[in-house]
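These notes are about the structure you will find just below.
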Amino acid sequence: MGRGDVVDIAQQAAIHPASGDAMAARVPLIAIDPGQWRALAQRAIEPNGYYLPAWELAVSATARGRTEASALPAFDGTSSRLIGLMPVIPLWRALKIPLPALVSAHPYGTLCSPLIDRDAPIEAATQLLQRARGAGAHALVLNDVALDGAAMTVLRQVLTRDGLKPRVLSSYIRASLDATQDDETLLRDALGTKKLKELRRQRHRLEEHGPVTFDVARRPDEIGPALETFLQLEASGWKGKRGTALVQQAGDATFIRRAVPALAETAQCEIITLRAGTTPVAAGIVLRHQDRAFFFKLGIDEHFAKYSPGVQLTLELTRHLCADSSIASADSTASADHPMINPIWRGRFAVGDVLIPLRRHDPVVALIHAALAGLNAAHEGARHVVRRLRK
């Protein structure tokens, strides 16, 4: 295929302003009935705290670079019950690639596995793909999905049935917690007796600044002040120096201050805080969906860095989750080889970006794949240069 052919294909396939049918296939996220959305989340085949309506609607409303997401919805045969939901944005908006694909709307947390009804998984997955085709897309790009999770498994089954094969664009392994284990046994096996002894010594040193306490804010009336404590801690550290703390961007601050109290109303969010006396030294936000917890973000007071406050908080969170019979597992939502969480939470699962073709033998999909592969190579090259400069 010559360069001219590639250009012709790209121009012919480029998404033009959507027709009425295409607009019906992909709807504004705010058009999804929140009650139906919440009910679907309760029946979802795979938990994803970042696609709960209170969270994702807040992200889409104001979060920097993440606003005005659309949705591919799926309904049952009567068109009265929502059985699938995939928040998306066009590839052009996501990556400035002018090709007809839809990409996961990124919900701030690093998990974009779509919500699929466990009572009708094949029907839901089939409809989601049909909606994407109806919206004019030639491919879906699902970012940060659990590669072996239930949602991706069902999508793969439907694709295989239709003679289509998804392609993993990139992947990594991240840490998770098996919260069904005994907490002290788990921590001893993960860290070893010597490391735990050192952490206990650091905690005793921290107690010189006042009694060390671990608090969990759950109720709507208590979670607001706990959130402000977290935001202050996050902004006081390296994220604040880099300008990436939530409170430093008006849209991000508005999103988190809307999402956290809303999720607290349904017992799906809590804020954990470690204090030495009256001084907060570490805090974190934890989402809860079905039997899984999601460790969203951590903030520490770096004046106490020599006591490992982030590790101390994570040890207490581990004990807290293991003691909760309603939680079976926790997703760290951390990067690969995260130096703090990986040694403590020893469970592992694969997360990746997946290209899903929507038509057989479609040359446009090859163009999309090539463009994404080139972008990934450029990003990896840039990361390599940065690593060399930092040495």
Side-chain angles (χ1 to χ4, degrees), residues 18 20-63 66-90 102-109 111-135 137 140 142 145-146 149-155 157-158 220 255 258-269 287-292 294 326 356:
D21 288 343
M23 287 300 291
R26 177 166 64 95
V27 302
L29 200 66
I30 57 172
I32 303 297
D33 179 81
Q36 286 263 24
W37 190 343
R38 284 191 293 271
L40 169 62
Q42 291 177 343
R43 302 189 307 271
I45 198 170
E46 180 183 341
N48 184 354
Y50 301 113
Y51 276 166
L52 290 169
W55 183 271
E56 174 58 4
L57 285 171
V59 170
S60 184
T62 66
R66 295 172 167 88
T67 57
E68 299 180 353
S70 299
L72 299 175
F75 295 92
D76 68 1
T78 64
S79 298
S80 62
R81 188 173 80 159
L82 188 69
I83 59 172
L85 185 70
M86 185 182 292
V88 293
I89 59 174
L102 294 170
V103 182
S104 304
H106 217 281
Y108 231 108
L111 189 67
C112 299
S113 299
L115 300 180
I116 292 176
D117 196 325
R118 62 171 174 261
D119 296 330
I122 299 298
E123 181 183 358
T126 299
Q127 270 204 48
L128 289 174
L129 299 180
Q130 288 172 344
R131 286 272 183 174
R133 293 184 192 103
L140 284 169
L142 302 188
V145 293
M152 195 61 225
T153 297
V154 171
L155 285 168
Q157 289 174 355
V158 172
F255 132 65
R258 171 182 167 181
V260 164
L263 285 174
E265 293 279 357
T266 53
Q268 291 177 308
C269 183
L287 306 188
R288 301 163 70 104
H289 182 199
Q290 297 181 8
D291 64 351
R292 191 168 301 166
F294 300 83
S326 67
I356 294 178

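For the single chain, residues carry numbers from 1 onward in sequence order.
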Taking all non-hydrogen atoms of both residues into account, name the closest pair between C269 and L263 and its distance. CB-CB, 3.6 Å
Output all residues satisfying salt bridge (Lys or Arg N to Asp or Glu O under 4.0 Å) with R43, sequence neighbours left out; order by chain, then residue number. D117
Which heavy-atom pair separates F75 from E123 by the least distance, and what is that distance? O-OE2, 3.8 Å
Shortest non-hydrogen contact from N48 toward S113: ND2-O, 3.0 Å
Contacts of F255 meeting ring-ring contact (aromatic ring centres under 6.0 Å, His included) (sequence neighbours excluded), chain-then-number -> W55, Y108
Look up atom CD1 in I89 and atom OG1 in T67, then write down how far apart they are to the nearest 0.5 Å. 9.5 Å
What heavy-atom pair brings L57 and L29 nearest, and what distance separates the two atoms? CD2-O, 4.0 Å
Can you check whether L129 reaches I356 side chain to side chain, under 4.5 Å on heavy atoms? yes
Between A151 and I116, which heavy-atom pair has the shortest distance, and what is it? O-CD1, 3.9 Å
Measure the shortest side-chain to side-chain distance between Y51 and S104 over non-hydrogen atoms and say whether it is less than 4.5 angstrom. yes
Flag the pair E46 / R292 as yes when at least one side-chain heavy-atom distance between them is below 4.5 Å, and no otherwise. yes
Return the CG to CG distance between L115 and L40, rounded to the nearest 0.5 Å. 5.0 Å
Test item: side-chain donor near acceptor, R258 and T62, under 3.5 Å: no
Do L287 and L52 make a side-chain contact, defined as non-hydrogen atoms from C-beta onward lying under 4.5 Å apart? no
Is it the case that more than 12 heavy atoms not belonging to E68 sit under 6.0 Å from its CD atom? no
Does any part of the side chain of P90, heavy atoms only, come nearer than 4.5 Å to the side chain of R26, both counted from C-beta? yes
Stepwise, does the side chain to side chain donor-acceptor pair (under 3.5 Å) test hold for T266 with R38? CA-CA 10 Å; T266 53; R38 284 191 293 271; over 6 Å; no
Supply the atom-to-atom distance I83 CD1 to T126 OG1, rounded to the nearest 0.5 angstrom. 9.0 Å
Does L128 reach the side chain of L140, with side-chain heavy atoms less than 4.5 Å apart? no
Measuring only between side-chain heavy atoms, which start at C-beta, is L85 closer than 4.5 Å to Q36? no
Less than 4.5 Å apart, side chain to side chain, heavy atoms only: is that true for P114 and L155? yes
With a sphere of 6.0 Å drawn around CD1 of I122, does it hold more than 12 non-hydrogen atoms of other residues, nucleotides or ligands? yes
Say you draw a straight line from CE of M86 to CD of Q127; how long is it, rounded to the nearest 0.5 Å? 12.0 Å
H289 to A44 - nearest heavy-atom pair and separation: CE1-CB, 4.4 Å
